[in-house]
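Encoded as structure tokens, the structure appears first; notes follow it.
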Amino acid sequence: MDHFLYRDGVLHAEDVPLPEIAAAVGTPFYLYSTATLTRHFRLFDEGLAGLDHLVCYAMKANSNQAVLKVLAEAGAGMDVVSGGEYLRAKAAGVPGEKIVFSGVGKTREEMALAIQGGIRQFNLESEPEMLLLSEVATSLGATVPVTIRVNPDVDAKTHAKIATGKSENKFGIPISRAREVYAQAAALPGLEVIGIDCHIGSQLTDLTPFAEAFDLVVSLTEALRADGHDIRRLDLGGGLGIPYERSNEAPPLPIEFCNLIKEKVGHLDVEVEIEPGRLIAGNAGLLVSKVIFVKEGEDRQFLILDAAMNDLIRPAMYDSYHEVIPVIEPAPGAEPATYDIVGPVCESGDTFAKRRAMAKVGAGDLVAFRSAGAYGAVMSSEYNSRPMVPEVLVHEHQFAVIRPRPTFDEMINRDIIPEWM
Ligand SMILES: *Cc1c(COP(=O)(O)O)cnc(C)c1O
């Protein structure tokens, strides 16, 4: 459930009608619902009640300061994958002891930044990274808590670009070598081995791969404990999928994911972390756009929008589906239409949907892309010199711009002409 509903024939975000925001901000823009963000966080937090746990929001899904603050105030920790994300989390008021540092290529500078600012744990992904962290921690006189990310070689059955748990992926160390690598880590100064990390991919629509991976993590916990390691924290990653296409079968619910965790690891006496990103932010956001033209092609109609692939790259990059709905509710029995929904960017890849059946709309009408709150604004660019798409947050009857659209001058003046020219 989200908080984007028609009321009196007009799409609202919580208590605010979308046309009011469009008039104030201009299109296109991203729009997030505070109530939906909070609700999604609580589904996990309450779903894990009874287990010692921390829900660390994977902030790469949507790292706007205001979004982070909503979640931090609800009690979320953060999963970060860069020094920039670490600093964003800190700036939003998240204490270091609630920040987990993931990612395959942490640099010396990023490690030092997080050690000095405070960190809950590093999730390590390779032996060279282990050696570097040991060196950096020792040089700073620190001992840092670490887990090692294991790659369980399970098929997440998701889009190839977002699967991370197969042996051909760059992530983690092969689970078959885990005992050897843990022994090495335990012998390194500056590192305190506290747990295991595992994240197998994103947009999973079935619990089976999670169950397979968790079983392997449980066996590994037992083996590592037998080897003398004090395994007391399991980071079980994120990756639970969301319903993009409402007519399709729905992915498992957060409560089912949480119950699976309880069933699999509940007996181990460990603290559990999870790192959901998409499920928290995805359906808490819309991309709102205006129809520029309806163009008659030879064998189809093109709906040309003022939003483009630079604003929302997921369809071009992952062949993803986003529901597109008119902001003014179609009358019952209104004429349907079929469109190729496209943006103005000069690439054929700038296509949001092909042969999409939807309510008929016309030039000047507003439409909303559903499920655009995760991996939307964060992946946007200014390709074709289209100023960065702004972000807006709604809270009940209030709304605020939480990242403005730059003016053309601001965009152009970021470039610097060298002195010799
Ligand atoms: C991207 C990522 C996540 C979040 O994945 P979602 O599918 O958005 O839930 C969690 N953990 C790590 C390490 C990631 O890279």
Side-chain angles (χ1 to χ4, degrees), residues 37 40-41 43-45 47-48 54-63 67-68 71 76-82 84-86 89 99-106 110 114 119-126 129 146-152 156-166 169-173 195-207 209-210 213-214 217 233-244 251-254 256-258 260-261 272-285 314 317-318 320 371-379:
L37 286 166
H40 289 164
F41 166 74
L43 290 175
F44 287 114
D45 196 37
L48 291 177
L54 183 65
V55 178
C56 293
Y57 168 59
M59 62 180 270
K60 73 175 189 285
N62 185 325
S63 55
V67 169
L68 299 186
L71 295 170
M78 298 289 154
D79 174 55
V80 308
V81 292
S82 71
E85 283 195 352
Y86 176 84
I99 303 176
V100 171
F101 206 142
S102 300
V104 295
K106 303 172 199 80
E110 289 173 320
I119 190 80
R120 179 176 178 81
Q121 102 226 1
F122 284 91
N123 292 337
L124 297 177
E125 300 218 13
S126 67
E129 189 187 27
V146 301
T147 73
I148 295 174
R149 177 170 178 179
V150 292
N151 185 327
K157 299 188 180 69
T158 184
H159 191 279
K161 285 184 185 162
I162 49 176
T164 60
K166 283 290 284 174
N169 301 129
K170 68 183 176 183
F171 300 97
I173 57 145
I196 305 171
D197 171 40
C198 184
H199 169 76
I200 57 174
S202 196
Q203 187 54 20
L204 273 73
T205 52
D206 180 3
L207 286 182
F210 286 119
F214 297 165
V217 169
R233 187 180 289 168
L234 299 182
D235 182 335
L236 298 173
L240 188 60
I242 63 172
Y244 282 98
L253 299 171
E256 296 172 286
F257 175 79
C258 292
L260 178 71
I261 290 177
V272 169
E273 280 166 7
I274 54 169
E275 304 169 342
R278 187 188 307 272
L279 201 134
I280 290 180
N283 278 324
R314 299 191 63 260
M317 186 145 158
Y318 309 120
S320 66
S371 317
Y375 308 106
V378 284
M379 296 179 92

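Order of listing sets the numbers, starting from 1, for every ligand and every atom in it.
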Side chain Lys60, main chain Val378, donor-acceptor under 3.5 Å:
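A pair under 3.5 Å: no.
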inquiry  = Looking at His199, is its backbone amide N or carbonyl O close enough to the side chain of Arg149 to form a donor-acceptor pair, meaning the two atoms are under 3.5 Å apart?
reply    =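 Yes; judged by distance alone, with no hydrogens or angles, the pair exists.
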When you pair each N or O of ligand 1 with protein N or O atoms, which pairs come out under 3.5 Å?
| from | atom 1 | to | atom 2 | distance (Å) |
| --- | --- | --- | --- | --- |
| ligand 1 | 7 (O) | Ser202 | OG | 2.3 |
| ligand 1 | 8 (O) | Arg278 | N | 2.7 |
| ligand 1 | 8 (O) | Tyr375 | OH | 2.6 |
| ligand 1 | 9 (O) | Gly239 | N | 2.8 |
| ligand 1 | 9 (O) | Gly277 | N | 2.9 |
| ligand 1 | 11 (N) | Asp79 | OD2 | 3.4 |
| ligand 1 | 11 (N) | Glu275 | OE1 | 2.5 |
| ligand 1 | 15 (O) | Lys60 | NZ | 2.7 |

_Criterion side chain to side chain contact (heavy atoms under 4.5 Å, CB included) against Tyr57, the qualifying member of Ile274, Asn62, Leu37, Leu279_ =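 Of the listed residues Ile274, Asn62, Leu37, Leu279, the side chain to side chain contact (heavy atoms under 4.5 Å, CB included) partner of Tyr57 is Asn62.
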Consider side chain to side chain contact (heavy atoms under 4.5 Å, CB included). Of Asp197, Val217, Leu260, which one does Leu236 pass it with?
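Only one of Asp197, Val217, Leu260 forms a side chain to side chain contact (heavy atoms under 4.5 Å, CB included) with Leu236, namely Val217.
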Exercise for review: Please work out which of the three classes, parallel, tilted or perpendicular, describes the rings of Tyr86 and Phe101, given edges at 30° and 60°.
Suggested key: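 Taking Tyr86 first and then Phe101, their aromatic rings lie parallel (interplane angle under 30°).
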Query raised in the report: Charged N to carboxylate O under 4.0 angstrom, Glu273 versus Arg233?
Result: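 Looking at Glu273 and Arg233, the cut-off is met.
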